[in-house]
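Below you'll find the structure, written out as structure tokens, and then a few comments.
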Amino acid sequence: MKQATHFFNLEAKKNKSGEQLILFNLSYGFKTYNSKTNNFRYEPLRISTKWSINKEYWIDKPTYRANQSFVRKYGKDLNNVLDKIERISYEQLSFFRNTFEKEPTIEELKQLVFEKLGRTKKENNAINIADYTEKLILKRTKLSNTSSEFWGTTTGNQYQAIANRLRKYESEKNINLTFGEITEEIYWDYFKTINDVHKVDNGEYYTQTTVNKEFRSVRAIFNCAKEENIDINLAYSKKSLKIPSSPSSYETYLTEEQLNTIINTDTSHSKEFEHARNYIILSSFTGLRIGDMVHLHEVKPETITYKSKKYHCFTTKIRKSRENTQELITTIPILQPVKKILESNGNGFPKFTSEPNIRKVIRKFLTHLKFENEVITKTKYYLVNEVKTESKKQYELFSPHDCRGTFITNLKQLGIQNDTIEPITHPKIKNKSVLDGYDKSSLIDNAVKLINQINPKKSTLFKY
């Protein structure tokens, strides 16, 4: 886009006092087409400053301000107004360009400038929410992945789905849903309507947790709009407008027998099954969350000498914790099932696909293995009073996070104590007790402690 330039000039016509109106001009590359001449013509933003001055007090280019004689006689107000008009005009041009990735028309820019100058009523709350969301997606997915505002493909798709639902709602209600017209009544009706539509299309309502995710995403869109000075008619941050989460509850994990079946399953015929098998084994024998598993290929296994003995371990960040204001790290011993995967993968950890795909292939793999144990699940559906209790097959429910539960549950069943497991699975920063403040155990201390407690248990799988 063209770099903007500006100047002030005095209107040729004088008033009764012999003063001339000061005009502001901003050229930024906007051009109009003249059908008569078949040519384009650059057109600047041109607005009145509403101030007039006698030419003897005026300094022309490049200063474009009242001179010192004027300031001594009448004060700095005029020059302050000119500073403000110049600054606001550039800021609003930049705002429009960054938001919409195009040049504003003269009228659009004039509206924005006049709003900031308080000359006209704001109209930016008339922006359609779905339109804004799609422009936000376009903007953020194009950013560098090093930017804090970058959205990857998955996030972009999630917000596109929201934009689609917003448009579906507009179609159902025959309205134009804008930031300036949304009310609490419309807000609640939106969530009720998309819930009803989902029931018609899929045979059941959204879960409470799914609607909570929608609520948080809509609130994120509003936050972005607010940062761009878009007026929102809804006090969306009110506690009364929050939609709480209510995760489905169920208890499941993989037994040693099931883990043994997975380990001994040949997956060479299917890349998906190989990903699922490797993920389940690695997470079930390290206790890592999915957020850490997707980065595991960046970690190098190492041999650490501790009290004259060598131990095979790896050290990794823990990326999700209530105490994540500082970096959390843990050292995990490489148990036998993990060691075998490393050996078959060039002594490195395999790389996994995206988080949603991992969930999908795990369930597909467990379906193939016919892991059909009955699991009781309790699910809260949005706007449905009663919690639904259902019996489902294990493969229908099992998630990547259940591998972490598999690790902890099997260790507990072997008799491993909490104070041995916790430093591996839940490393912490803050001291929880007086004794913690005096505990100087290192990461390798914790890893070796787990090894020393596991080995005597004579487990066929959980062994170093």
Side-chain angles (χ1 to χ4, degrees), residues 129 133 154-155 157-166 168-169 172-173 177 182-223 234-254 283 289-291 320-322 354-360 362-364 366-367 371-406 408-409 426:
I129 300 174
T133 302
T154 300
T155 304
N157 290 340
Q158 289 171 353
Y159 278 91
Q160 183 58 59
I162 292 172
N164 294 342
R165 285 190 285 273
L166 287 166
K168 178 76 171 177
Y169 177 75
E172 290 276 337
K173 302 298 179 177
L177 187 56
I182 187 169
T183 62
E184 287 195 18
E185 182 180 359
I186 292 175
Y187 173 85
W188 288 118
D189 188 54
Y190 166 73
F191 290 106
K192 180 181 183 302
T193 299
I194 64 170
N195 194 44
D196 290 340
V197 169
H198 190 268
K199 168 74 170 177
V200 172
D201 292 344
N202 298 277
E204 62 182 11
Y205 293 113
Y206 282 123
T207 66
Q208 181 78 17
T209 297
T210 298
V211 178
N212 166 263
K213 291 177 181 177
E214 182 89 0
F215 146 74
R216 287 187 285 117
S217 296
V218 168
R219 186 172 59 179
I221 293 168
F222 287 167
N223 282 335
L234 181 72
Y236 64 90
S237 59
K238 284 169 54 176
K239 286 185 178 179
S240 61
L241 295 182
K242 181 178 180 181
I243 299 176
S245 177
S246 181
S248 297
S249 62
Y250 65 89
E251 302 291 338
T252 190
Y253 74 101
L254 298 173
S283 182
R289 298 177 177 88
I290 189 169
K320 184 178 180 181
S321 170
R322 293 176 181 176
S354 64
E355 292 188 23
N357 200 42
I358 290 171
R359 299 175 191 277
K360 185 173 108 179
I362 284 177
R363 289 183 180 176
K364 190 173 181 180
L366 296 188
T367 302
F371 281 15
E372 298 178 344
N373 292 344
E374 295 292 326
V375 179
I376 301 300
T377 178
K378 296 181 179 180
T379 306
K380 173 71 172 70
Y381 289 91
Y382 185 60
L383 297 182
V384 177
N385 292 329
E386 294 183 1
V387 175
K388 188 175 182 180
T389 300
E390 300 173 277
S391 176
K392 293 190 175 182
K393 306 291 186 184
Q394 186 180 33
Y395 65 77
E396 295 180 281
L397 295 170
F398 199 88
S399 73
H401 197 70
D402 292 321
C403 296
R404 181 172 165 81
T406 294
I408 294 171
T409 303
H426 297 79

In chain order, what residues pass the side-chain contact (heavy atoms from CB on, under 4.5 Å) check against [X], with sequence neighbours excluded?
X: Lys378; result: Ser249, Val387, Thr389
X: Thr154; result: Gln158, Pro356
X: Val197; result: Lys168, Glu172, Thr193, Asp201
X: Glu390; result: Thr377, Thr379, Tyr381, Lys388, Lys392

Partners of [X] by salt bridge (charged side-chain N to carboxylate O under 4.0 Å, His left out), sequence neighbours excluded?
X: Lys213; answer: none
X: Lys192; answer: Asp196
X: Lys239; answer: none
X: Arg165; answer: Glu214

Residues which pass ring pair (Phe, Tyr, Trp, His ring centres under 6.0 Å) with Tyr250, listed by chain and number, not counting sequence neighbours: none
Please name all residues satisfying side-chain hydrogen bond (donor to acceptor under 3.5 Å, both in side chains) with Arg359, sequence neighbours left out, ordered by chain then number. none
Counterpart residues, side-chain hydrogen bond (donor to acceptor under 3.5 Å, both in side chains), relative to Lys393 (two or more places apart): Glu374
From [X] atom [atom1] to [Y] atom [atom2], the distance as rounded to the nearest 0.5 Å:
X: Asp189; Y: Ile182; atom1: CG; atom2: CD1; result: 10.5 Å
X: Ile362; Y: Ser283; atom1: CD1; atom2: OG; result: 7.5 Å
X: His401; Y: Arg289; atom1: NE2; atom2: CZ; result: 6.5 Å

[X] (side chain) donor-acceptor with [Y] (main chain) under 3.5 angstrom:
X: Gln160; Y: Thr133; value: no
X: Asn212; Y: Ile243; value: yes
X: Thr209; Y: Ser246; value: yes
X: Asn195; Y: Tyr382; value: yes

Apply side-chain contact (heavy atoms from CB on, under 4.5 Å) to Leu241 and Leu234, showing your working. CA-CA 10 Å; Leu241 295 182; Leu234 181 72; 3.8 Å; yes
Show every ring-ring contact (aromatic ring centres under 6.0 Å, His included) that has at least one partner inside residues 189-221, sequence neighbours left out. Tyr169-Tyr190, Tyr187-Phe191, His198-Tyr206
Should we say atom CD of Glu251 is surrounded by more than 12 heavy atoms from elsewhere, each under 6.0 Å from it? no
With the side chain counted from C-beta on, respond yes when Leu254 and Gln394 share a heavy-atom pair under 4.5 Å apart, and no when they do not. yes
Carefully, step by step, assess Asn373 and Phe398 under the rule side-chain contact (heavy atoms from CB on, under 4.5 Å). CA-CA 11 Å; Asn373 292 344; Phe398 199 88; over 6 Å; no
